[in-house]
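We count ligands from 1, going down the list as the structure has it; atoms in each ligand are counted the same way. Since we're looking at a predicted model, the values are computed, not measured. Because only heavy atoms are used, hydrogens play no part in the values below, and waters and symmetry mates are left out as well, while side chains stay in.
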Amino acid sequence: MNDTAQKITVEKAQTSKIDQVDFDNLSFGSVFTDHMLVCDYKNGAWETPKIIPYQPITLEPSSKIFHYGQSIFEGMKAYKDAAGDTWLFRPFDNHKRFNISAKRMSIPEIPEEYFIEGLKTLLRLEKDWIPQSEGSSLYIRPFMFASGKGFHASPADEYKFMICLAPSGAYFSGKVKVLIEQTYSRSANGGVGYAKAGGNYAGQFYPTQLAVKKGYNQVIWTDDNTHEYIEEAGAMNIFVRIKDTLITGPTSDRILDGITRKSIIEIAKDEGIPVEVRKITVTEVVDAAKNGSLKEMFGAGTAAVVSPIAAFGYNDTDYDLPELPNSYARRMKERIIDIQYNKAEDIFGWRHKV
Ligand SMILES: *Cc1c(COP(=O)(O)O)cnc(C)c1O
């Protein structure tokens, strides 16, 4: 234990809610553990994090989060192995990205030890909440927002950094049918698409609802300027397989630098799968679907690891993708899960013991 971990105060919940939870039927992110981490930024500095019972928080109506949306988050998971040990997957990358998001939204950066040691202290306390069954995990939601008050449109003077935990079952997305978006945009050059800023997701809801009304599950985002380049799949990065080559777009202002995405690129290289990081045009994907060379499309992100796409719609036409027995999507998912659950050697050094 280092200095920070020693300083974190823990106020324990008087009773646990764990007996009321049906661990065999967990949905995603709707049940929360007994405790949460809270850290306040006041008078120009972060105070020492505290762990307290999970409970509502009180905010001034003029808190800037409500008016100007200074708010960011991360998504991570804790995994329990067969021996009962707890693991994180590339958590330092989440911390780095959190601060990249913070900077873009004029939120003060959080020190690494507050984020990592705070999280580990919380996880040790909530160890019994980490499901052990295949595919289940404890979803981790670090977030940070402007709690400071005032209607003046400028950065707040007070912030809260919090972490809440939600036990979650294996994420089966089923057959995902997606619509290539030709009107709305998720992000733009010079914008905040690379940050996990709350408003980015609010902005996606409406176009996604329109797609759902048309019978699709999700939107494939294209570039804001021409809608000619495929960029992301909902709130996931996207991979396209044409013949045997795996392709994903380069990260940019508009494309979020996903940890699952970069892990898949490294695993593909390790497996000798040809992988290209380059722009993907809609035309190229439609042509490949027509001539049969489009083998797979899948989303990549922490929640589902990979989410295979069964069909996509474009210009009022639907294109089905083949069902492959030995898909790259499946291979990638298995390699990542085996590392996350400490079932395979971690040649990359991604696993972090709690
Ligand atoms: C979080 C997120 C991803 C996936 O990132 P991971 O680190 O793999 O979970 C991709 N795209 C968007 C827009 C996201 O918010």
Does [X] have its ring centroid less than 6.0 Å away from the ring centroid of [Y]?
| X | Y | result |
| --- | --- | --- |
| F151 | H67 | yes |
| H95 | F115 | yes |
| F73 | F145 | no |
| F98 | F161 | yes |

| request: Give yes if a backbone or side-chain nitrogen or oxygen of G234 is under 3.5 Å from a nitrogen or oxygen of ligand 1, and no if not. | output: no

| Contact check: T260 vs ligand 1, nitrogen or oxygen atoms, below 3.5 angstrom | yes

Could you list the atoms of ligand 1 found under 4.0 angstrom from a heavy atom of [X]?
| X | result |
| --- | --- |
| Y201 | 13 (C), 14 (C), 15 (O) |
| E232 | 10 (C), 11 (N), 12 (C), 13 (C) |
| R186 | 13 (C) |

| field | Identity of the nearest option to atom 3 (C) of ligand 1, non-hydrogen atoms only, from A304, G75, A197, A235 | value | A235

| Given R254, R90, K196, which one has a non-hydrogen atom that is nearest to atom 2 (C) of ligand 1? |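 Comparing heavy atoms across R254, R90, K196, the nearest one to atom 2 (C) of ligand 1 lies in K196.
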
| query | Taking heavy atoms and a distance under 4.0 Å, where does N237 meet ligand 1: side chain, backbone, both or neither? | reply |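 The answer is both, backbone and side chain.
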
| What protein heavy atom sits nearest atom 9 (O) of ligand 1, and how far away is it? | T302 OG1, 2.6 Å

| task | Name the closest protein heavy atom to atom 5 (O) of ligand 1, giving the residue it belongs to and the distance to 0.1 Å. | result |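 Answer, as residue, atom name and distance: G258 CA, 3.4 Å.
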
| Can a non-hydrogen atom of R97 be found less than 4.0 Å from any atom of ligand 1? | yes

| task | Under the ring pair (Phe, Tyr, Trp, His ring centres under 6.0 Å) rule, collect the residues that match up with Y341, sequence neighbours excluded. | result | Y79

| field | Nearest heavy atoms of A235 and Q204, plus distance in Å | value | N-NE2, 4.0 Å

| request: For D244, enumerate each residue passing the side-chain hydrogen bond (donor to acceptor under 3.5 Å, both in side chains) test, keeping only those at least two apart in sequence or located in another chain. | output: R241

| field | Mutual orientation of the aromatic rings belonging to F92 and H352 [parallel < 30°, tilted 30-60°, perpendicular > 60°] | value |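 Taking H352 first and then F92, their aromatic rings stand perpendicular (interplane angle over 60°).
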
